[in-house]
Number of protein chains: 2
Amino acid sequence: MIDPSRFLADLHALRAIGTRGRGVVRRAFDAEDVRARLWLAERFAEAGLTARIDPAGNVWGLRGPLLIGSHTDTQPEGGWLDGALGVIAGLEVARSNPEVSVVSFQDEEGRFGATTGSEIWSGALTLEAADALTDLDGLSFAEARRALPSTGPFPDPSDFSAYLELHIEQGPVLDQAGEAAGVVTAIVGLRQITVTLTGAQNHAGTTPMPMRRDAMTGLAAAHAAIADALRNVARPESVWTIGHVALHPNAPSAVPGRARFTVQWRDGEADRLDRMETAIRTALAEAAAATGLALEISETSALPPTAMDPRLRAALARAAEAQLPGRWREMPSGALHDATNVARLMPAAMLFAPSIGGISHDFAEDTAEPDLIAATRILAMAAADLLTT
Amino acid sequence: MIDPSRFLADLHALRAIGTRGRGVVRRAFDAEDVRARLWLAERFAEAGLTARIDPAGNVWGLRGPLLIGSHTDTQPEGGWLDGALGVIAGLEVARSNPEVSVVSFQDEEGRFGATTGSEIWSGALTLEAADALTDLDGLSFAEARRALPSTGPFPDPSDFSAYLELHIEQGPVLDQAGEAAGVVTAIVGLRQITVTLTGAQNHAGTTPMPMRRDAMTGLAAAHAAIADALRNVARPESVWTIGHVALHPNAPSAVPGRARFTVQWRDGEADRLDRMETAIRTALAEAAAATGLALEISETSALPPTAMDPRLRAALARAAEAQLPGRWREMPSGALHDATNVARLMPAAMLFAPSIGGISHDFAEDTAEPDLIAATRILAMAAADLLTT
């Protein structure tokens, strides 16, 4: 059904565009990204698909109603498989299945926005609004997309019946378990708040301990209180992180007067995200009160969880069990993907290949060759299954 | 004995040099600091003292064997009394006591070093080594001191029998207790380490909680462990602070792979500083082990505690009780002072005036006028007492 050596040759040919050591650099609309997208359009045409570049820079290989894809742009220090794997696997599946179309969405990695190309196609972001987005150097999406002129309009979403996306896991779960594939249950939702604890900045020599209102003490208390509060609310898949911390004045001889930090949590269920939020806010209030600090919490940034379509999931699960009996699992996706946007338009599902050592967004990112081939076979088998049932 | 209105007039005349709102800016050897030092030399001469500017920029009013002083340079945003109070009080005492000499040490506030002028005079720092010190703009002490040419050599320390220094407390203890003076028992010693906890930087969405080695979790655990460990070792005067924290990569969506932070502790007894250090290092090792992080601890920076001379302390205590019966206390100095250096050469002791709200190193720093006058009277009485006994 699929030709492993042809598939791997395509994957390495794409890797050669923007290659840096073992990794790649193809930022959305930079010279290498444009080269890769033009190369991809040629491969689509060669495979008998109708190649099209839409106004957002998404590259399409159009033929059948089952859409398979991901993205070919990368992080500033990107791995060779992140995104590229799902696109090239789609191409390989489409070669032997005329009911399949393929897409490489633009700017999944967020040079300008976040999953920008699929967000525009899904209708969640207008092209006009996207055009005003700028990268860190001030270049606008409007200017940047001139580097890759469109060859046709946005395809009509109603021409497609379903979307499948193969992606690397970007985490350690499959690798550590010695498993070769993951069928995604949901793309987790994310919530984030910025917390400010304010006490009194003082001289670290002259201020007795009982007279201090030390924001670092508050931060430590908040971490402990959140960990404690979430023990009864979170499930094994739930995650939470204090990733960013800024103390003020942040000097060894000053009692910190202010601590500002982010608290982020993720889960596949909206209801659990709610309960985690209640627990976190209560814990923060208790920690602030216990340490005599003023508490300020920003509005919550929220991305809702996206459940994967049950019928598509089942097809992927059947194919996984056929290809890798006992060596796959169902699991949530902790990272955001283009499938989040496409799921607004049609049934969508995702398959994960293992990330060696859980490494991603790094030149060192990699996956064992047999796992790449097995994942593509699962994708091909699920596609065939879905189109005949 | 002292003339309050003359004393206050001098204090306000000095405040007018480099005045900024309610505060002052006189960085060591800047134009205003030089103006203030030349003004001070004139006041010394007027009072019948022999004025001298030594090669380090210390300004002397020489006459008798009892030396009283402090410093007239300020922080970048300095209070009007910090240092200035002790010098002008010394001048006022010297006016009616021919056995008194007065000094304003240079760069106590550390534009170039830390307590630079008194450190040079004490022999702990050579003038040659000091000349190589630079401020944050790269200006050297050697270049800077050309702005205030010396008028004589360093006075011979053996010409003096004892040193007294009046200073604002720079902390909240006296103010909160409603007391008007503090007789210093010791200038506390200080120790500081820089701690690095290293885990694994990971994606905050795709890395399950049990697989994380989160350096922020380690920092919170370290804070809790130190607080716990010091409970049985510290005394009420002991202080400790985590004042500086740097997480890496310090991004909301990344599990922190590294936390680097300072731990600083102070106490008046060397033995207690040792026991605190043992407790802190043990707590850090336990916290690192419990959170699965690698622990690295820098060498300890140490400043030893300086006990104040018992005879001088007793004279200050007698005078304080006479002037402010029941409204003074003995207390350690949590901040460093010129007396730390002078104590290497001769018996030394210090007196504190209250800081309103504990505020110092800030334009808002202040002390009630009656407390300024009472402190100067205590100084005058102790000086008279010491010179007749």
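Every chain is numbered from 1 and lettered A, B, ... according to where its sequence line falls, protein lines coming before strand lines.
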**OP:** Mind ranking A:Thr206, A:Asn250, A:Thr262, A:Asp214 by heavy-atom pairs under 4.5 Å with chain B and telling me who comes out on top?
**Re:** A:Asn250
Subject >> Residue among A:Gly171, A:Pro249, A:Pro252 with most heavy-atom pairs under 4.5 Å to chain B >> reply: A:Pro252
Original post:
Going by residue number, which parts of residues 182-199 of chain B are within reach of chain A, meaning a heavy-atom gap below 4.5 Å?
Top reply: B:Gln192
**OP:** Check the pair B:Arg212 / A:Val239 against side chain to side chain contact (heavy atoms under 4.5 Å, CB included), numbers first and verdict last.
**Re:** CA-CA 10 Å; B:Arg212 296 184 177 196; A:Val239 295; 3.3 Å; yes
Original post:
In residues 223-234 of chain A, which residues are in contact with chain B at a heavy-atom separation under 4.5 Å?
Top reply: A:His223
Original post:
Given a strict heavy-atom distance threshold of 4.5 Å, which part of A:Trp240 is in contact with chain B: side chain, backbone, both, or neither?
Top reply: both
**OP:** Taking salt bridge (Lys or Arg N to Asp or Glu O under 4.0 Å) as the test, write out the residues that go with A:Arg281, two or more places apart.
**Re:** A:Glu277
**OP:** Using a cut-off of under 4.5 Å on heavy-atom pairs, state which of A:Leu336, A:Val245, A:Asn202, A:Val255 scores highest against chain B.
**Re:** A:Val245
**OP:** Using non-hydrogen atoms and a 4.5 Å limit, figure out which bit of A:Gln264 sits close to chain B: side chain, backbone, both or neither.
**Re:** side chain
Original post:
Among pairs that include at least one residue of residues 254-263 of chain A, which meet salt bridge (charged side-chain N to carboxylate O under 4.0 Å, His left out), considering only residues two or more places apart or in two chains?
Top reply: none
Original post:
Can you tell me how far NE2 of B:His244 sits from OG of A:Ser253, rounded to the nearest 0.5 angstrom?
Top reply: 12.0 Å
Original post:
What are the two closest non-hydrogen atoms of A:Ser238 and B:Met209, and how far apart are they?
Top reply: O-CG, 3.5 Å
Original post:
Between B:Glu237, B:Gln170, B:Gln201, which residue shows the highest count of heavy-atom pairs closer than 4.5 Å to chain A?
Top reply: B:Gln170
**OP:** Tell me, for A:Ala204 versus chain B, whether the close heavy atoms (under 4.5 Å) come from the side chain, the backbone, both or neither.
**Re:** both
**OP:** Could you tell me the separation between the OG1 atom of A:Thr241 and the NE2 atom of B:His203, rounded to the nearest 0.5 Å?
**Re:** 10.0 Å
Subject >> Separation between CD of A:Gln176 and CE of B:Met211, rounded to the nearest 0.5 Å >> reply: 4.5 Å
Original post:
Nearest 0.5 Å, what's the CD1-OG1 distance between A:Ile242 and B:Thr217?
Top reply: 8.0 Å
Subject >> Under 4.5 Å from a heavy atom of chain B, the part of A:Pro256 involved >> reply: side chain
Original post:
Any side-chain heavy-atom pair from A:Pro236 and B:Pro210 closer than 4.5 angstrom?
Top reply: no
Subject >> Greater than 12 external heavy atoms within 6.0 Å of B:Glu296's CD >> reply: no
